[in-house]
Protein chains: 2
Amino acid sequence: MAQPSVSSYLRMQEVKRAMIEDSNPTNRVLDVLSFLAAHPAETFTLAEIARQVGLSTGSAHRVLTTMAKAQFLARDEKRRTYSLGVAMVAAGQAAIEKYRGVDIARREIAKLAAELDVQCSASTVTAGELMVLVKEGAPKSHMALTRVGERRPLIPPVGLCHVAWAGEAAIEAYIGKVDFYLSETVRKHLHDTFPLIRRRGYSISVTGPNAGHALQAMTLPIGRAPDAEYWTNLYELIGKIMPDEVQLFDLAGADETGIGHITAPVFAPDGTVAMQLVMIGMARKLGARDIEHYAERLCATAALITSEMHGRVPKG
Amino acid sequence: MAQPSVSSYLRMQEVKRAMIEDSNPTNRVLDVLSFLAAHPAETFTLAEIARQVGLSTGSAHRVLTTMAKAQFLARDEKRRTYSLGVAMVAAGQAAIEKYRGVDIARREIAKLAAELDVQCSASTVTAGELMVLVKEGAPKSHMALTRVGERRPLIPPVGLCHVAWAGEAAIEAYIGKVDFYLSETVRKHLHDTFPLIRRRGYSISVTGPNAGHALQAMTLPIGRAPDAEYWTNLYELIGKIMPDEVQLFDLAGADETGIGHITAPVFAPDGTVAMQLVMIGMARKLGARDIEHYAERLCATAALITSEMHGRVPKG
DNA sequence: AATATATTTTCCAATATTGGAAAAATAAAG
DNA sequence: CTTTATTTTTCCAATATTGGAAAATATATT
């Protein structure tokens, strides 16, 4: 401690070491793309994007003009607003070549959403994270909890269908992430959830403020890893979730609360869950028969996509 | 010249002014995305991408790991390669919401490409540039001149269908860009081309080395504006193009050379050309009837897409 | 029309990023 | 198993980028 210069040198090294794996300018670009992808219907001014993404107006100016010049963003000269550009369409189309199932899913859930007047989305799991790939259907009220491109950690109560067919070890690991924060009742409920999902072929939950809050707190930031506060806050909210918000066992018991979402699995050729279809925005006050009807339609769509992807439902 | 410090200051200012509108770190990210989008079927190592995009390995390392961490790139840990990731799929799907015609076009040209065993692509014009949005169909031989996401300036002989219905002023401006470099014969041929395209409803050309070379020299770089050499070289190559490489007037005269491409317009609701469909890779040694058959099929697909987009063919 | 409000663009010192080289880690060949 | 050839990762001085404030421009309001 007698040599401040050495101390400060070490501190700098430490800081550098912490950032060495991340390129901030790169994350800025990805942040902008992610933000605009999450709000595809809207257009934004430079100042709005700068605020939302956490850039200074100066930096945002250069980043956005550069992206617009390359056609990755479209600029409306009259309104001075930005939105996703044609180069993103091109790059996205190219990416789809690698993820063939996605456009099949998009086509089918668009049909379903239009037909039943609900909102449908599809998500996948990569690197232990759940990402929303597609969303179709007019948004009702304030149910826009999921945005395209958003990522969430794969922990209860999200991604149940991704886990349900992944084997006992994966299920235990999944529960284990929040085990400590759950009441005995919910823990038991969660354990019983997976056999039920496999038997039914879909997952279902009721609406509730607790699950809603947890979902909102779950969105992962692009560049930086979530900090300790993120996890503390999240675990606390997850601890408050009610059993029915995780999984609705008795379909007749939803009269009052209303259905939060129904999700169904799309299987890949290797029998793993490739995508999870999510349906939200159903009418309230549904009877058990009505609910089953929605679920059956979602499962039928999931089965169709599975089939078109040459997917295979695992035995068991 | 007596004050070097002032001189160097001014020079710096000048340099800064020239770059003030462009963010290099941003362009790096877009370059990587564009490169990978242009080769959607392949995967690349860090070193390969660094070479192709012109980055130092050090920078490439940070950029690529950052992009991979955000799921914009997918990393194959075993082979240590990168390709487009799921976040790009998500962002692309979001972008499509703004450009509804594109996925309709994709679906239809995929059908057409499979059915006729040819390669089809769709391009659009933004900010005076032509961009390839979609490409479908197995590549034959070395006809992979167009890559998804690639941009070309809208000058003869590319984008004829985009211009043919844009009015006399646009046509004159279009021809004017290369007017000086054309022989009298080709200039006349080019002027006669547009009424013919409108009458036929499509554009058609024969294969030829001159047009091929010009096309290859045309690809625009992402970040930097093309330099003087780019234009000099390009104009020289365009000057060498033969009339039939621009437009084939007599369909019976293609026996020997073979058809280069056929293109047809997709119209937007406002009657402008929204996209240009391009068909390449047809069998060689075709008679006039065979050629017409291909053209009719392409035009039928273009008409279908126009219809699904609620587009309208302009009167005239 | 004039004022107020908001947004875009420019500028420069402070600072984070880059390129290049060298080290570590792999993969391939002997 | 050892050596050779690549590729990936780390490091630091050189340098290009950033944030913040202020100027210019546009939009809304009185």
Side-chain angles (χ1 to χ4, degrees), chain A residues 5-6 8-32 35 42-70 73-83 223-224, chain B residues 5-6 8-32 35 42-70 73-83 223-224:
Chain A
S5 72
V6 168
S8 87
Y9 173 76
L10 288 176
R11 245 172 44 107
M12 273 179 61
Q13 286 300 91
E14 210 174 342
V15 169
K16 269 216 163 169
R17 199 162 293 231
M19 307 188 62
I20 203 158
E21 301 215 52
D22 253 61
S23 162
N24 257 316
T26 300
N27 273 324
R28 273 176 243 249
V29 177
L30 305 183
D31 280 337
V32 171
F35 172 70
E42 298 155 74
T43 68
F44 299 87
T45 64
L46 185 151
E48 271 175 295
I49 296 172
R51 266 194 303 274
Q52 294 277 352
V53 185
L55 290 173
S56 67
T57 53
S59 302
H61 180 240
R62 247 156 318 161
V63 171
L64 293 180
T65 50
T66 303
M67 293 174 79
K69 204 183 283 183
L73 301 186
R75 167 151 202 190
D76 182 332
E77 287 294 343
K78 206 180 69 191
R79 313 163 119 238
R80 316 197 148 224
T81 57
Y82 296 89
S83 56
R224 26 211 168 281
Chain B
S5 72
V6 168
S8 87
Y9 173 79
L10 289 176
R11 245 172 44 107
M12 274 179 60
Q13 286 299 91
E14 209 175 343
V15 169
K16 270 216 162 168
R17 198 163 293 233
M19 306 188 63
I20 202 156
E21 300 216 52
D22 253 61
S23 162
N24 256 314
T26 301
N27 273 324
R28 284 195 182 105
V29 177
L30 304 183
D31 280 337
V32 171
F35 172 70
E42 298 155 74
T43 68
F44 299 88
T45 65
L46 185 151
E48 272 175 294
I49 296 173
R51 266 194 304 273
Q52 294 278 351
V53 184
L55 289 174
S56 67
T57 54
S59 302
H61 179 242
R62 249 158 314 164
V63 171
L64 293 180
T65 49
T66 303
M67 293 175 78
K69 204 182 284 183
L73 301 186
R75 167 150 203 192
D76 183 332
E77 287 293 343
K78 207 180 68 190
R79 313 163 121 239
R80 317 197 146 223
T81 57
Y82 296 89
S83 56
R224 28 212 166 282

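Reminder, nothing fancy here: chain letters follow the sequence lines and each chain counts from 1.
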Checklist outcome for this item: Distance col, row Ile49(A):CD1 vs Thr57(A):OG1, nearest 0.5 angstrom, shows 12.5 Å
Checklist entry - Tell me: CD of Glu77(A) to C1' of dT7(C), nearest whole Å? => result 14 Å
Checklist entry - Just how far, in rounded Å, is C1' of dT18(D) from CG of Asp31(A)? => result 15 Å
Item to check | Sub-4.5 Å side-chain heavy-atom contact between Thr43(B) and Asp76(B) | outcome: no
Checklist entry - From the list dT9(D), dT9(C), dG19(D), which nucleotide is the closest neighbour of the side chain of Ser59(A)? => result dG19(D)
Checklist entry - Which whole-number value in Å describes the distance from Leu55(A) CG to dT8(C) C1'? => result 15 Å
Next on the checklist: Using the rule given for side-chain contact (heavy atoms from CB on, under 4.5 Å), can you reason through Leu73(A) versus Val32(A), listing the C-alpha separation, both sets of side-chain angles and the distance that settles it, and then say yes or no?
Outcome noted: CA-CA 10 Å; Leu73(A) 301 186; Val32(A) 171; 4.3 Å; yes
Checklist entry - Taking side chain as C-beta onward, heavy atoms only, is His61(B) less than 4.5 Å from Leu46(B)? => result yes
Next on the checklist: With a cut-off of less than 4.0 Å, is there a side-chain N or O of Ser56(A) near OP1 or OP2 of dG19(D)?
Outcome noted: yes
Checklist entry - For the pair made of CG in Asn27(A) and P in dA16(C), what is the distance, rounded to whole Å? => result 16 Å
Item to check | Atom of Leu30(B), atom of Met67(A) and distance for their closest heavy-atom approach | outcome: CD1-CA, 3.9 Å
Next on the checklist: Without decimals, in angstroms, what is the distance between Arg51(A) CZ and dT8(C) C1'?
Outcome noted: 13 Å
Checklist outcome for this item: Per nearest nucleotide of DNA chain C, the residue lying toward the 5' end, Thr26(A) or Arg75(A), is Arg75(A)
Checklist outcome for this item: CZ (Arg75(B)) and OG1 (Thr65(B)) are apart, to the nearest 0.5 Å, by 8.5 Å
Next on the checklist: Nearest whole Å is fine: how far is dA24(D) C1' from His61(A) NE2?
Outcome noted: 12 Å
Protein and nucleotides 25-29 of chain C: nitrogen or oxygen contacts under 3.5 angstrom:
none

Checklist entry - dA16(D) C1' sits how many Å from Asn24(A) CG, rounded? => result 15 Å
Next on the checklist: From C-beta outward on Arg62(B), which listed nucleotide comes closest to its side chain: dT8(D), dT7(C), dT18(C)?
Outcome noted: dT18(C)
Checklist entry - Nearest-Å distance, CZ (Arg79(A)) to P (dA28(D))? => result 11 Å
Next on the checklist: I want to confirm an ordering. Mapping Arg28(B) and Gly58(A) to their closest nucleotides on DNA chain C, which one lands closer to the 5' end?
Outcome noted: Gly58(A)
Checklist entry - Tell me, do Leu55(A) and Leu64(A) make a side-chain contact under 4.5 Å, heavy atoms counted? => result no
